[in-house]
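In what follows, a structure is listed as structure tokens, so that the remarks can point back to it.
Basis for what follows: all heavy atoms, side chains included, without hydrogens, waters or symmetry-related copies.
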There are 2 protein chains.
Amino acid sequence: MTAPVFNSWQAVRDEVLRRLQARIWRPGEMIPNEADLADELGCARVTVNRALRALSDAGLLERRRKAGTRVALHPVRRATLEIPMIRRQIEQAGHAYGYHLISAGRAVPDAALQTYMRARSDGFLQVRAVHLQDGVPFVAEDRWINLETVPAASSQDFSQVSANEWLLQHAPFSRGDIAFAAENASAETADLLQTQVGAAVFVTERTTWFEARSVTFVRLSFAPGYRMQTEI
Amino acid sequence: MTAPVFNSWQAVRDEVLRRLQARIWRPGEMIPNEADLADELGCARVTVNRALRALSDAGLLERRRKAGTRVALHPVRRATLEIPMIRRQIEQAGHAYGYHLISAGRAVPDAALQTYMRARSDGFLQVRAVHLQDGVPFVAEDRWINLETVPAASSQDFSQVSANEWLLQHAPFSRGDIAFAAENASAETADLLQTQVGAAVFVTERTTWFEARSVTFVRLSFAPGYRMQTEI
DNA sequence: TTTATTATTATGTATGTACATATTTTTCTG
DNA sequence: CAGAAAAATATGTACATACATAATAATAAA
């Protein structure tokens, strides 16, 4: 018989994962240092480093220089959500995509949004639209674009190409905040989504930034029954 | 003057990010191969590899062996959600945590859940509870535990320590599915959360697995107003 | 012309070595 | 004994090198 070899970082990761699942290394405990583990598993320290880093990224281990590596006491699981372009999301599921512009034009957002987006009250373009799946309302979009950051948006016609897609292709970006919530449909939202007032709608609110400047704020209200799914 | 140096993978990543944001490399385009980039930036190919891998993980680049690296045409942004233990979530926000067990005992779930969890109808423990924030209902928990996977759960008292915490400490795990949705509160949920019937509640449904066996299914209904936030 | 074989190429990764960096521990100094 | 300085230590990372792997392109065989 031959001794098991762990000569790939994935193999090392899986072996560490096995020991975590088998509770050989328990929550809160320190695990051996990289050099010792590399020695035991018969691979280079860098390989162990790669494996432990992956598990640390996944939230299962906590690592600190000099202090060493310990098993996370409260394994905060991280779920990775994909935020796709709406058209792609619908088409990939095998449905027909439709888009209907409700309105587009200069408008003044409420004070909270002005402050949050750090823009002048007269520098906003509001675009409202509905995205359809097989002809049925799928999600209502209420978007505010900061024209100081994206001046080209003011001369763009959003009746054919959605602001969603246009911005992805033409606006700079760097980071964003996103929030998810449940809300009872307002009269307006219910009308757009062809559902009853008060129906529970899944809402996402996203703000994107380019360096210190806001680019756009968008509020998506999904038709009742929508589920956002992922693996953990 | 000295030529800029990119002798760390973070510096390389930031430089590539800059070129993406400045649209020097446009969506859908190929970027130079690792060796050329390393040559241009004056670092080792492995360093470029590390940087590009990070950007690929983030969804901004698409990489394929031999084919090379291209700028993602549809930059699917990935949001990383942290799924913390409820008690920690509440305590970290500076609130007082409370826990109230509603019921715990053997029960038979509906056929869909039996099938999904691949367990015998008589092998389930159902635990229902409410988690409180400053004494106010925060989230209602409806949990099904597969006793074939976690037999020890049947003799556990969940009146003091929540199933949430007990399972984290005592049950094996490997992966899970999670879904988010909005629902109108049922009479029962409204009662537990002390809100009105029909109020929009944010719901998460999570199933965790250990290898091929299901561990637990939990449905969390958050009190109206709850927002799940993250960065993108 | 079609199919099978074989280079070719870009990314993926393992390794030894060296050094950087952040902490902790120990030792020195006042 | 307190505080500062130095040593020790575990992780973090850069690099040169080598080879693995997957996908493509070029070539040969049917």
Of the options C:dA14, C:dT15, D:dG12, whose atoms approach the side-chain atoms of A:A44 most closely?
C:dT15
Using heavy atoms to find the nearest nucleotide of DNA chain C for B:A35 and A:G42 separately, return the residue whose nucleotide is more 5′.
B:A35
Protein-nucleotide distance (A:R64, atom CZ; D:dT11, atom P), rounded to Å
12 Å
Between atom CD1 in B:I31 and atom C1' in C:dA10, what is the gap in whole Å?
12 Å
Does the side chain of A:V150 come within less than 4.5 Å of A:W166's, by heavy atoms?
yes
Could you tell me whether B:R19 and B:E40 have a side-chain N and a carboxylate O separated by less than 4.0 Å?
yes
On DNA chain C, nearest-nucleotide positions of A:K66 versus A:S8: which is more 5'?
A:S8
Integer-rounded Å distance: D:dA18 C1' and A:N7 CG
15 Å
Phosphate OP1/OP2 of C:dA10 contacted by B:R63 side-chain N/O (<4.0 Å)
no
Let me know the distance between CZ of A:R53 and C1' of D:dA10, rounded to the nearest Å.
15 Å
Does a distance-only test, which skips hydrogens and angles, find a donor-acceptor pair under 3.5 Å between the side chain of B:R50 and the base of C:dG12?
no
The salt bridge (Lys or Arg N to Asp or Glu O under 4.0 Å) partners of B:E141 (sequence neighbours excluded) come to B:R143
Please confirm whether the shortest side-chain N or O distance from B:T47 to OP1 or OP2 of D:dT13 is below 4.0 Å.
no
Separation of C:dA10 atom C1' from B:E62 atom CD, nearest Å, is 16 Å
Atom CE of B:M30 to atom C1' of D:dA23: distance rounded to whole Å?
12 Å
Looking at D:dT13, I'd like to know if its phosphate oxygens (OP1 or OP2) sit under 4.0 Å from a side-chain N or O belonging to A:R65.
no
Working note: B:D177 + A:Q229, criterion side chain to side chain contact (heavy atoms under 4.5 Å, CB included); need CA distance, chi angles, decisive distance, verdict.
CA-CA 7 Å; B:D177 328 302; A:Q229 286 180 279; over 6 Å; no
Write down the atom of B:V215, the atom of B:W209, and the distance for their closest heavy-atom approach.
CG2-C, 3.8 Å
Less than 4.0 angstrom between a side-chain N/O of B:T69 and OP1 or OP2 of C:dT11, yes or no?
yes
Side chain of B:R45, base of C:dT13: donor and acceptor closer than 3.5 Å?
yes
What is the distance, to the nearest angstrom, from the CG atom on B:N33 to the C1' atom on D:dA23?
15 Å
Measure from CD on B:E34 to P on C:dG12 and round the result to the nearest Å.
6 Å
Out of D:dT13, C:dT11, D:dT11, whichever nucleotide has its closest atom nearest the side chain of B:W9
D:dT13
Taking the side chain of B:Q10 as its heavy atoms from C-beta onward, which of D:dT9, C:dA14, D:dT13 lies nearest to it?
D:dT13
For C:dG12, does either OP1 or OP2 sit under 4.0 Å from a side-chain N or O belonging to B:N49?
yes
